[in-house]
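Below: the structure, in structure tokens.
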Amino acid sequence: MSLLFYKYQGTGNDFVMIDNRTLFFPKEDVELVAKLCDRRFGIGADGLILLENDPGYDFKMVYFNADGNQSSMCGNGGRCLVAFAQQLGIITDKTTFIATDGEHHATIHEDGNVSLQMLDVSKIETHKSHWFLNTGSPHHVEMVSGIGAMNVKETGASIRYGAPYFKEGSNVNFVEKKDTSTFTVRTYERGVEDETYSCGTGVTAVAIAMNYSKQTPSNEVVLETPGGVLKVRFNPLDDRYTDVWLTGPATFVYKGEISW
Ligand SMILES: N[C@H](CCC[C@H](N)C(=O)O)C(=O)O
């Protein structure tokens, strides 16, 4: 069997994108998805995304982590999928699509950046050393100092597999304040089981947690990640965060064919 794929990356979070409007792709084949995402035996990516038709939307997003399993919402992947849909001629510069966490609006700007509307957030857990919230995927957010010297894979894995997350797990975001509205973020991603260069739902969770805990008064937050800069803006209404938008680049890398 062979298939055509497109490789995209959003601030270094990279994805295999497949036009699955004919529903040819074997979604249950966990091993195949993991192989396609393998950085030595396959194409290599943090995740794989299928673009499918949906009667009520411009398209539907189906997301798989690099471990081959379908997973929760991917913010960077959602932004890349919008750019992919434009490349396929399905949309122009605005769209509404459906994903596992519901409906998303998005805009492609003149400069190529993509803004993706994320879930509203109303439940934010405050713990002694961290916050926990769900922005379409579950996120543990912890402030640290000396973020540059951290072993994110080791420290992140111990939190991700430890109490209270265990097998279900959580993504783990370490954050250090740079200035009033700028934070440095490094993320250990569930399902990739490694540090990724950025995480869209992760930086969204960080931005909201920093505002919620009064680390920033701003409702427009800049997140500096190893893969580049992302921006998150929101409207805090009482303790609910609405009108949440994640903005950043979504870059086409190459188109290829792979057989197995
Ligand atoms: N690994 C995440 C999904 C992808 C999230 C990340 N790539 C993003 O940009 O939001 C999870 O299983 O919860």
Next on the checklist: Checking Asp179 now: which residues fulfil side-chain contact (heavy atoms from CB on, under 4.5 Å) with it, not counting sequence neighbours?
Outcome noted: Ser181, Thr182
Next on the checklist: Quick check: Tyr8 with Phe252 (ring centres under 6.0 Å apart)?
Outcome noted: yes
Next on the checklist: I'd like to know whether Ile90 forms a side-chain contact (heavy atoms from CB on, under 4.5 Å) with Leu51, so could you lay out the CA-CA distance, the side-chain angles of the two residues, the decisive distance to 0.1 Å, and finally the verdict.
Outcome noted: CA-CA 11 Å; Ile90 298 172; Leu51 184 149; 3.7 Å; yes
Checklist entry - Any side-chain heavy atom of Thr135 within less than 4.5 Å of one from Val121? => result yes
Next on the checklist: Are the side chains of Asn211 and Val221 in contact, using a 4.5 Å heavy-atom criterion?
Outcome noted: no
Next on the checklist: Could you list the cluster mates of Val222? Members are the ILVMFWY residues connected by side-chain heavy atoms closer than 4.5 Å, either directly or through other members.
Outcome noted: Val229
Checklist outcome for this item: Heavy atoms of Ile147 and Arg186 approach each other most closely as O-NH1, 2.8 Å
Checklist entry - Under 3.5 Å, is there a donor-acceptor pair linking the side chains of Ser71 and Asn65? => result yes
Item to check | All salt bridge (charged side-chain N to carboxylate O under 4.0 Å, His left out) counterparts of Arg39, not counting sequence neighbours | outcome: Asp14, Asp46
Next on the checklist: Membership question, hydrophobic clusters at under 4.5 Å side-chain separation (ILVMFWY): are Leu223 and Trp245 in the same one?
Outcome noted: no
Next on the checklist: Side chains of Thr95 and His104, heavy atoms from C-beta outward: is any pair under 4.5 Å?
Outcome noted: no
Checklist entry - For Phe64, which residues count as a ring pair (Phe, Tyr, Trp, His ring centres under 6.0 Å) partner, sequence neighbours excluded? => result none
Checklist entry - Judged by atom type as modelled, is there a donor-acceptor pair below 3.5 Å linking the side chain of Arg79 to the main-chain atoms of Gly248? => result yes
Checklist entry - Is the closest side-chain heavy-atom distance between Phe174 and His140 below 4.5 Å? => result no
Checklist entry - Any ion pair linking Lys27 and Glu52 (charged N to carboxylate O, less than 4.0 Å)? => result yes
Item to check | Side-chain hydrophobic cluster, 4.5 Å single linkage: members besides Ile98 | outcome: Tyr57
Item to check | Tyr197: hydrophobic cluster co-members (side-chain, 4.5 Å) | outcome: none
Item to check | Nearest-0.5 Å distance that lies between atom CG in Leu116 and atom CE in Met73 | outcome: 5.0 Å
Item to check | salt bridge (Lys or Arg N to Asp or Glu O under 4.0 Å) evaluation trace for Asp38 with Arg40 | outcome: CA-CA 6 Å; Asp38 189 291; Arg40 288 179 178 75; 5.8 Å; no
Checklist entry - Going only through I, L, V, M, F, W and Y residues with side-chain contacts under 4.5 Å, is there a path from Leu48 to Phe5? => result yes
Checklist entry - If you measure from CG on Asn173 to CG on Leu133, what distance do you get to the nearest 0.5 Å? => result 8.5 Å
Next on the checklist: Do Ser218 and Thr180 make a side-chain contact, defined as non-hydrogen atoms from C-beta onward lying under 4.5 Å apart?
Outcome noted: no
Checklist entry - Can you get from Met17 to Ile91 by hopping between Ile, Leu, Val, Met, Phe, Trp and Tyr side chains that sit under 4.5 Å apart? => result yes
What pairs of donor and acceptor atoms, side-chain ones from residues 198-207 against any protein atom, are under 3.5 angstrom apart with sequence neighbours left out?
residue	atom	partner	partner atom	Å
Ser198	OG	Gly10	O	3.4
Ser198	OG	Thr11	O	2.8
Ser198	OG	Thr11	OG1	2.8
Ser198	OG	Asn76	ND2	3.0
Thr201	OG1	His139	NE2	2.7
Thr204	OG1	Gly200	O	2.8

Next on the checklist: Counting C-beta onward and ignoring hydrogens, is there a side-chain heavy-atom pair between Asn20 and Val62 closer than 4.5 Å?
Outcome noted: no
Next on the checklist: Suppose we screen for salt bridge (charged side-chain N to carboxylate O under 4.0 Å, His left out). Which residues come up paired with Asp101, at least two apart in sequence or across chains?
Outcome noted: none
Item to check | N/O donor-acceptor pair under 3.5 Å between Asn219 side chain and Phe234 backbone | outcome: yes
Item to check | Donor-acceptor pair, side chain of Glu189 and main chain of Asn171, under 3.5 angstrom | outcome: no
Checklist entry - So with a 6.0 Å cut-off around NZ of Lys231, is the heavy-atom count from everything else above 12? => result no
Next on the checklist: With a 4.5 Å cut-off on side-chain heavy atoms, are Asp19 and Phe84 touching?
Outcome noted: yes
Item to check | Distance (rounded to the nearest 0.5 Å) between Ile159 CD1 and His130 NE2 | outcome: 8.5 Å
Next on the checklist: Less than 4.5 Å apart, side chain to side chain, heavy atoms only: is that true for Ser122 and Tyr241?
Outcome noted: no
Checklist entry - Counting distance only, does the side-chain N/O of Thr107 pair as donor-acceptor with the main-chain N or O of Ser115 below 3.5 Å? => result no
Next on the checklist: Quick check: closest heavy atoms across Pro138 and Ser72, and the distance to 0.1 Å?
Outcome noted: CD-OG, 4.0 Å
Checklist outcome for this item: d(Thr242 OG1, Met118 CE) to nearest 0.5 Å is 14.5 Å
Next on the checklist: If the condition is salt bridge (charged side-chain N to carboxylate O under 4.0 Å, His left out), which residues does Lys35 pass it with, not counting sequence neighbours?
Outcome noted: none
Item to check | Heavy-atom donor-acceptor pair, Asp238 side chain to Arg240 backbone, under 3.5 Å | outcome: no
Checklist entry - Could you state the interatomic distance from CE (Met1) to CG (Leu32), rounded to the nearest 0.5 Å? => result 7.5 Å
Next on the checklist: If the condition is side-chain contact (heavy atoms from CB on, under 4.5 Å), which residues does Thr251 pass it with, not counting sequence neighbours?
Outcome noted: Gln9, Pro249
Item to check | Verdict with reasoning, Lys178 to Glu176, per salt bridge (Lys or Arg N to Asp or Glu O under 4.0 Å) | outcome: CA-CA 6 Å; Lys178 192 172 178 188; Glu176 191 166 37; over 6 Å; no
Next on the checklist: So which atom in Ala66 and which in Ala45 form the shortest heavy-atom distance, rounded to 0.1 Å?
Outcome noted: CB-O, 3.6 Å
Checklist entry - Under 3.5 Å, is there a donor-acceptor pair between the side chain of Lys177 and the main chain of Gln215? => result yes
Item to check | Reported CD-to-CG distance for the pair Gln86 and Leu81, which is rounded to 0.5 angstrom | outcome: 12.0 Å
Side-chain donor-acceptor pairs of residues 253-260 under 3.5 Å, sequence neighbours excluded:
residue	atom	partner	partner atom	Å
Glu257	OE2	Ser2	OG	3.2

Next on the checklist: Using 30° and 60° as the class boundaries, would you call the ring planes of Tyr63 and Phe15 parallel, tilted or perpendicular?
Outcome noted: perpendicular
Item to check | Under the side-chain contact (heavy atoms from CB on, under 4.5 Å) test, residues paired with Glu193 that sit two or more places apart | outcome: Arg160, Tyr161, Tyr188, Arg190
Next on the checklist: Show the nearest heavy-atom pair for residues Val114 and Ala250, with the distance to one decimal.
Outcome noted: CG2-CB, 3.9 Å
Next on the checklist: Quick check: is Met150 connected to Phe183 through a chain of hydrophobic side chains (ILVMFWY, heavy atoms under 4.5 Å apart)?
Outcome noted: no
Checklist entry - Checking Thr216 side chain against Met210 main chain: does a donor-acceptor pair fall under 3.5 Å? => result no
Checklist entry - Under the side chain to side chain donor-acceptor pair (under 3.5 Å) criterion, do Thr96 and His105 qualify, and how do the steps go? => result CA-CA 4 Å; Thr96 302; His105 302 292; 2.8 Å; yes
Next on the checklist: In this structure, would Phe97 and Tyr6 fall into the same cluster of hydrophobic residues linked by side-chain contacts under 4.5 Å?
Outcome noted: yes
